[in-house]
Structures are given as C-alpha cells and as structure tokens.
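Per chain, numbering begins at 1; letters A, B, ... match sequence-line order. These numbers were taken from a predicted model, which means no experiment stands behind them.
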Amino acid sequence: MTSVDNTGTQRFVTCGELGAQDAGQRVAVRGWVNATRDHGGLIFIDVRDRYGVTQAVFDPRTSAREAYESAAHLRSEDVIMAAGTVRPRPAGTENANLSTGAIEVAADALTVLNKSKTPPFPLHGDADVDEALRMKYRYIDLRRAPMQRNIELRHRALKAARDYLDAQGFLEIETPMLIKSTPEGARDFLVPSRLHAGEFYALPQSPQLFKQLLMVAGFHRYFQMARCFRDEDSRADRQPEFSQIDIEMTFPTQDDVIAVIEGTLAHMFERALGTHVKTPFVRLRYDEALADYGSDKPDLRFAMKLSDFSPAFAGTEFKIFANELAKGHAIVGLVDASGAGRSRREFDTLVQTAAAEWGAKGLAWIAFASDGVKSSLPKAALTEAALTQVRAIGGAGEGDAVFFAADERAAAQAIAGKLRLHLGSERGLRDPARFEFCWVLDFPLFERDPESGALGPMHHPFTAPAPGQDLLTGDPLALRAQHYDVVLNGSELGSGSIRIHDPNVQRKVFELLGYSDEQVQQRFGFLLEAFAYGAPPHGGMALGIDRIIAIMVGAESIREVIAFPKNQRFQDLMIDAPSAVEPQSLRELRLRVDQPAQPSQPNQSRSQS
RNA sequence: GGCGCUGUAGCUCAGUUGGUUAGAGCGCCUGCCUGUCACGCAGGAGGUCGUCGGUUCGAGCCCGAUCAGCGUCGCCA
C-alpha cells in the first residue's frame, strides 16, 4: 500500500469537479470504488462520491509498483484515496456520460482507506431490489445515485422554503415533542414518564395548539419544519413519523395564507427543480370539486369532468335507476372519449374493478359504437329520450362510451372520480413531469361519521366557520368553514384554516361536537384560557413535506425521499426498532408488560448474520 | 384488523403434468488481457426451494398452518 505524498503539492478534489481546464494539475481524489476495469496492463478505477465519478488510471510503466498491485486488488465499495496528475483522455476515449469524462487522473499513489465486503445488492443499474433488503442496508442504498439526488433535492426544496418564509417575516420556532395526550384525532404515541410514574407524555400529531399559542404570544408569523407522529394502522405510503412545513400567521385573511403558500411552493419548485409554477393557483369550491372530479383533491392534469345524468334516466322504467332516483340519489357518470371500441371483456373488467376496489354497487355503461348502441343496461333504460339526453349532458358522440354510477350522490361521485383517475392513468394523461396545482375551498365545517352518526370536525375543532352563519340554528352539516386545501396532481399537499380566536365561538363548536364542559376543560382548558388573554385572529396551514418531495422527483413512494423510513409495518429494519427493553427500564417506569416478550426476529427470512 | 400478490444462489428471476444430479443473467473467486468505462474472454465455487406439518412410492410444484415483504381497504379531527 502506497501512501499519498504529504508534500502539499497536491489538491484534494471531489469526484465531480475536474475538467479539461485542470490538465497538468496534481490532485488526490477520495471516494468509493464504483467499478474496476483491469486490463492486465492498464487498470481503470472509477472513484465515486456525492459529486460524481472520476476515472483513475494505474499504469505499470508509470505508477509506483505497490500502488499498481494494490489497485489490482480493489473491489466495489472499497474506500480509497488516489493521487496523480490530471490529463486529458486520449482522443476517442472521452466519456460523454460523465461530467469528468474529458479527463482522467494518471494515478501514481493509492491508499486503501477501508476495504468493503461485497455489497448485498448492486449499486448501479436499475434492478428492482427487494425493498426490505434496501432498508436493512439503507446506508448502502442511499449511496445509489437516485437516492443521493432525492435527498439533495429535499434539502434544496426545504432550504428554498426556509429562505422564502424568512424573507416574508416568518420566524422558525421549535415546539415541544413531549406533550399532552388528547383522545381526538389519530392515536397518540405515548412516552412513559419515569419521574411521574403512571403518567405519560404524547408525541405531537402536529404542533397545532402550540402554533396557535405562538400567535397569542405575539410572534405574528411562525413556521417550523415539524416532525409529527401518528400511531395509526399502517397503510400505503404512510409513515408513523412524518414532516410538515407548519405555518401560522396573525391577522390573516384566507387570501393572505393562500398567497404565502403559493409563494412558498413556487419558490421550492423554482429553486429545487428549476420548474416555474404559475401563480395564483386555480381555485375550486369543495362542492364543485366533488361534482366535476368526484374528489376533494382533483387531479387537474386532465379534464374528463363528471356529469350528473340523473335527468336522462328520470323517465325510464329501469327499476334500479328508478329506485335510486326515487330515494333522492344520483346517477353520476363520465364520458370515455373514443371508448366505444372497448371489448365486452374490457367493459366487464372495469365493472369488476369498480365493485372490488372502489366499493361500487354497480357500474353501468353505454357505448355509442358505429354499428349501434351497446350497453350493460336493459332496454327499459335505453329509451330514445334517455339516449338523446345522455349525449347532450355528457357531450358524447359516436365512438364514445359513457359510464354511470348510481348511488347516494357522494358515493356515486366518489366512484365516478375513481373511474376518472383510472381512465386518466390508462390513457397516460397523468404525466409525473407535469405539475397542476389547485385550491379547494369552502369545505363543510363538520361531517357526520357514517357509522356512529356523530358529528365530527372536517378539519379540526379549531377551524373557524365562514362569516355570516348562525352556529346555533339550522343544519350543522350545512355550515361552511374557512378551511382550504392545496392539491397537486391529485394529492393533497396540505390543509389549513382560519382558526377560531373567540372563546365563545370555540365553546359553541365544542358544544356542537358533543364535548362536555369537563372534557373541554381537561383537554383544551389551556387554550380557552389563553384565548381569554387577548388572542389575535390567526390562521395558517401545514404542508406535507414527504409528499411534496416525492411528487417533485416522480417517486412512487415517500420512502424514496426519506433518508431512514420505516417499512409498511412501521419497523426500522436497519436498527431493528421497535424492540423489547431491559426489565430494569420497565421497573424504573413502573410498567408491566401484559404480553410475553417476543424474541425479536426482524427480517427473519432474509437475515444474514 | 380485512382482502390480494409474492417468497427458489449474494442480487434479479426461470423452473413444463408431481419424477434422475434444481437452472439462467448479474455478482463473487481464480487465470488471461495496455484504452476500458456496468470492459472482455476462460474456468470455478455457491441452494434447508421462507418455516412447520400433511397427501404421495416420490413434493420447489398439490393441501393446511405459520412467518416475512409488498399492495389495497377500514382507520388516519
């Protein structure tokens, strides 16, 4: 092993910075062995770091003998330092795929800083490696170029958001992680207190109450890159801990908050991606979003709006539709342009998908084919008047197909909305490189739990009702909120609202939600107390960082943009968490576990050592 | 918690109707190779077919259970 000389005549450089202008310079590169090409004579070593790849060449005629022999034994992922002279590559051997492809380092010295075992999976190439294996060796997975890109882009985007918000007068303020558990909303992660045996902290589901108190405290404009924790059952693309850009401001109108969020997002996309985002974003009312797109987070990358076909079938004697309409339900559908050419089998598959995956009771269709009208519906439904109206309502012509879901209006819209997304994907209309933002406004203040029938907050119980409504008379479900969602490509990026600052209004809302005075006092007493000491009007928003970055980089999963994510069962396969603790720890906490300790066996089937 | 898919070499995957010694590409090891760049060529090693049980003369393949991973729904103010 040859040491790099320490004469100070060499310059340490990254693997991405050398170019033709550096020819003749004496340099040392440090990094990982990306690939080796041993020609028996010449040995090429690709050295990799975050910045790129640089080719080092060892030549038996010019390199020190020790260095040359050492180079012959290099393997993937060894960590080395190679020193030598930068020279242009011989004509015709330049590599246009590398930023440093015009030059190479004619290496005469080599230090092996650390050998590597053979990595458990290849670092280059596009092979789809088992995600559990990637997670167990996340530090290796993160060396791969796409992951390095994702993590760096995340940094750039968050830096852009910080810079923008700072320039707008927002202060970044941290809020506590050990807080009080409240039974509303998602399940809390609990942290036992040793000093107060039998009592627990909760990890925050969001800094919601603290940011409101910061407004009461007069900080005017607050933001935080906040970590949030929710102990819910796992689901696709959900992490037990996730990050939000949490924002709150004093004396805002809804438009003020919207302008700040639009500016923040536009700045993030501009600085991290180089993508110009048009502002202001399109605004949709909640009812309008549901009616046109069957979703409160519409994907506006394509049109294909839904229509209400109820009038077309109002006069027909087809029992199923007639019964639904008699119950006040709706027949919601959409036109599948040029869809009449689908085979019977394709139609059947769609109908089955609708039933199995979207919870549809049924899905009817009419195809206006060139050789006549075909349909899953019986003749009773297909009167000339009905067909004429279907064409008129949907704007359907020959060659088109029309789908219909008959159900309660909200359910029919939801099914048609899912079909819309399905057809959009099928037709390649959901281009991940396009970014279509919108706002959804005028949400209801409350929603009814379909099972318990109880009234619950649509957003959270601190959301202010729209002005000019009487809270105490009339249907609470008809009340509108000053609540707004920002949506990108069919994903909700964030939710916000103008908050209630009047303790009397807050009490009325709690009352409508059915909270008893004792419950309110116990859970939110400190908030009402604070509001009694001069609470300014305030409002804000929280943006889901992981989702935003995932959409920016076109990743399918937020796990691709989180350095150390947990798996679908919320385990960390690398450090093996969660895991049992020492009995002594439990004794100190005065806890007894009501379940025999499971011997920890993470990743059993794949475990190597 | 429900449902679905998957589990074969270090990695990605084949494996026919249940039938002799379970294969390929990449990786790994050895040798050759002086302009390659995921170098090339030759040879070699490497397997509890996730686990347990059952059916069978015989199971990678069929049946049951179980574990694990992923997807999806409930749930997530």
Side-chain angles (χ1 to χ4, degrees), chain A residues 34-48 53-62 68 72-73 75-77 89-98 100-101 104 106 117-137 140 182-188 205-206 208 228-240 242 353 356-359 418 445-447 449-451 454-463 481 483 495 497 509-510 513 515 523 556-557 559 567-569 571 573 598 601-609:
Chain A
N34 198 49
T36 66
R37 292 176 295 280
D38 183 346
H39 286 239
L42 289 177
I43 299 171
F44 299 96
I45 305 294
D46 288 343
V47 190
R48 182 196 73 236
V53 172
T54 296
Q55 173 168 282
V57 189
F58 291 86
D59 186 325
R61 295 165 304 192
T62 56
Y68 180 80
H73 289 101
R75 295 293 178 267
S76 291
E77 300 311 305
R89 294 192 184 195
T93 66
E94 299 89 350
N95 186 344
N97 296 321
L98 291 182
T100 61
E104 62 194 6
K117 288 165 68 175
T118 302
F121 49 85
L123 271 81
H124 35 57
D126 43 17
D128 197 10
V129 177
D130 177 47
E131 202 175 356
L133 196 66
R134 292 175 54 200
M135 291 306 163
K136 181 173 177 183
Y137 298 97
I140 300 174
T182 58
E184 284 74 29
R187 208 172 284 113
D188 287 320
Q205 295 176 25
S206 78
Q208 181 63 36
C228 307
F229 304 86
R230 294 182 188 174
D231 188 13
E232 281 303 318
D233 283 345
S234 66
R235 232 184 105 169
D237 236 13
R238 185 182 293 171
Q239 290 278 310
F242 57 95
T353 302
E357 292 177 27
W358 310 331
K418 284 172 180 165
L445 187 59
F446 301 118
E447 61 187 346
D449 184 308
E451 277 171 30
L455 211 57
M458 186 86 179
H459 183 40
H460 56 52
F462 318 110
T463 304
H483 163 194
S495 231
S497 60
V509 168
F510 283 147
L513 288 168
Y515 299 173
R523 296 171 196 171
E556 292 285 322
S557 162
R559 292 188 296 265
N567 70 0
Q568 194 181 80
R569 296 181 59 198
Q571 298 161 307
L573 297 178
Q598 299 287 327
Q601 40 188 237
N603 206 14
Q604 189 180 25
S605 62
R606 301 277 183 176
S607 174
Q608 281 195 318
S609 53

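Put simply, CD on A/Glu232 is 14 Å from C1' on B/C73, counting in whole angstrom units. Remark: C1' of B/G27 and NZ of A/Lys117 are 15 Å apart, rounded to the nearest angstrom. Distance, A/Asp38 CG to B/G35 C1': 13 Å, rounded to whole Å. With rounding to whole Å, A/Asp233 atom CG is found 12 Å from B/G74 atom P. We find that CG of A/Leu133 is positioned 18 Å from P of B/G27, with the value rounded to whole Å. Regarding A/Gln571, its CD atom lies at a distance of 12 Å from the C1' atom of B/C67, rounded to whole Å. Atom NE2 of A/His39 and atom C1' of B/G35 are 6 Å apart (whole Å). Look at CD on A/Glu77: it is 11 Å from P on B/C28, rounded to the nearest Å.
Spacing of C1' atoms, B/C62 relative to B/G44, comes out at 37 Å, to the nearest Å. The C1' atoms of B/G18 and B/G25 are separated by 28 Å, rounded to the nearest whole Å. Comparing B/G15 with B/A24, their P atoms sit 15 Å apart, to the nearest whole Å. Across B/C52 and B/C61, the matching P atoms stand 13 Å from one another, rounded to whole Å. Spacing between B/A22 and B/G50 at atom P, rounded to whole Å, works out to 15 Å. As rounded to the nearest Å, B/G27 and B/U12 have P atoms that lie 15 Å from one another. When the P atom is used for both B/U16 and B/C63, the distance is 14 Å, rounded to whole Å. The C1' atoms of B/C70 and B/A9 are separated by 22 Å, rounded to the nearest whole Å.
Within the 4.5 Å cutoff, side-chain heavy atoms of A/Leu513 are placed close to those of A/Phe446. With contacts defined as side-chain heavy-atom distances shorter than 4.5 Å, the pair A/Thr36/A/Ile43 does not qualify. Taking 4.5 Å as the limit, some side-chain heavy atom of A/Ile140 sits within range of a side-chain heavy atom of A/Phe121. In this structure the side chain of A/Glu104 reaches within 4.5 angstrom of the side chain of A/Pro90, judged on heavy atoms. When side chains are defined from C-beta on, A/His460 does not count as touching A/Ser495, because their heavy atoms never get closer than 4.5 Å.
Pairing for B/C61 is absent, with no Watson-Crick or G-U wobble pair whose two atom distances lie under 3.5 Å. With both pairing distances under 3.5 Å, B/C29 is matched to B/G43 as a Watson-Crick or G-U wobble pair. When both pairing distances are held under 3.5 Å, B/U6 makes a Watson-Crick or G-U pair with B/A68. Checking B/G18 for Watson-Crick or G-U wobble geometry (two distances, each under 3.5 Å) identifies no partner in any strand. Across every strand in view, B/G1 sits in a pair with B/C73 that passes the Watson-Crick or G-U test at under 3.5 angstrom.
For A/Asn95, the side-chain atoms get nearest to B/C37 when compared with the rest of B/C11, B/C37, B/U36. Between B/C37, B/G10, B/U12, one nucleotide has an atom nearer to the side chain of A/Pro120 than all others, and that is B/G10. For A/Thr118, counting side-chain heavy atoms from C-beta on, the closest listed nucleotide (B/U34, B/G27, B/G69) is B/G27. Considering only the side chain of A/Gln55, B/G35 comes nearest among B/C11, B/G69, B/G35. Here B/U34 is the nucleotide among B/C37, B/U34, B/C11 with the atom lying nearest to any side-chain atom of A/Pro60.
Other residues, nucleotides and ligands contribute more than 12 heavy atoms inside 6.0 Å of the NE2 atom of A/His39.
Within the 4.0 angstrom heavy-atom criterion, only backbone atoms of the sugar-phosphate kind lie near A/Arg559; the bases stay farther away. Residue A/Arg569 is in sugar-phosphate contact alone, with no base atom involved, counting any heavy-atom pair closer than 4.0 Å across all strands shown. Residue contacts shown for A/Glu94 include a base, since a base heavy atom lies under 4.0 Å away.
A distance cut-off of 5.5 Å between ring centres, combined with a plane angle under 30°, places A/Phe44 in a stacking arrangement with the base of B/U36.
At a cut-off of 3.5 angstrom, counting only N and O atoms as typed in the model, there is a donor on one side and an acceptor on the other between the side-chain of A/Arg89 and the base of B/C37. In terms of polar N and O atoms assigned as donor or acceptor, the side chain of A/Asp46 never comes within less than 3.5 Å of the base of B/C37 in a complementary pairing. On a pure distance criterion of 3.5 Å, no polar donor-acceptor pair joins the side chain of A/Arg230 and the base of B/C76. The base of B/U34 has none of its N or O atoms less than 3.5 Å from a complementary donor or acceptor on the side chain of A/Arg37. At a cut-off of 3.5 angstrom, counting only N and O atoms as typed in the model, there is no donor on one side facing an acceptor on the other between the side-chain of A/Asn567 and the base of B/G69.
Mapping A/Gly185 and A/Met135 onto RNA chain B by nearest heavy atom places A/Met135 at the nucleotide closer to the 5' end. Two residues, A/Glu131 and A/Ser234, neighbour RNA chain B, and the one matched to the more 5' nucleotide by heavy-atom proximity is A/Glu131.
No salt bridge links A/Glu232 with A/Arg238; every basic N to acidic carboxylate O contact stays at or beyond 4.0 Å.
Closest non-hydrogen pair, A/Gly40 versus A/Asp38, comes out as N-OD1, 2.8 Å.
At B/G71, one or more side-chain N or O atoms of A/Gln568 fall inside 4.0 Å of OP1 or OP2 (strictly under the cut-off).
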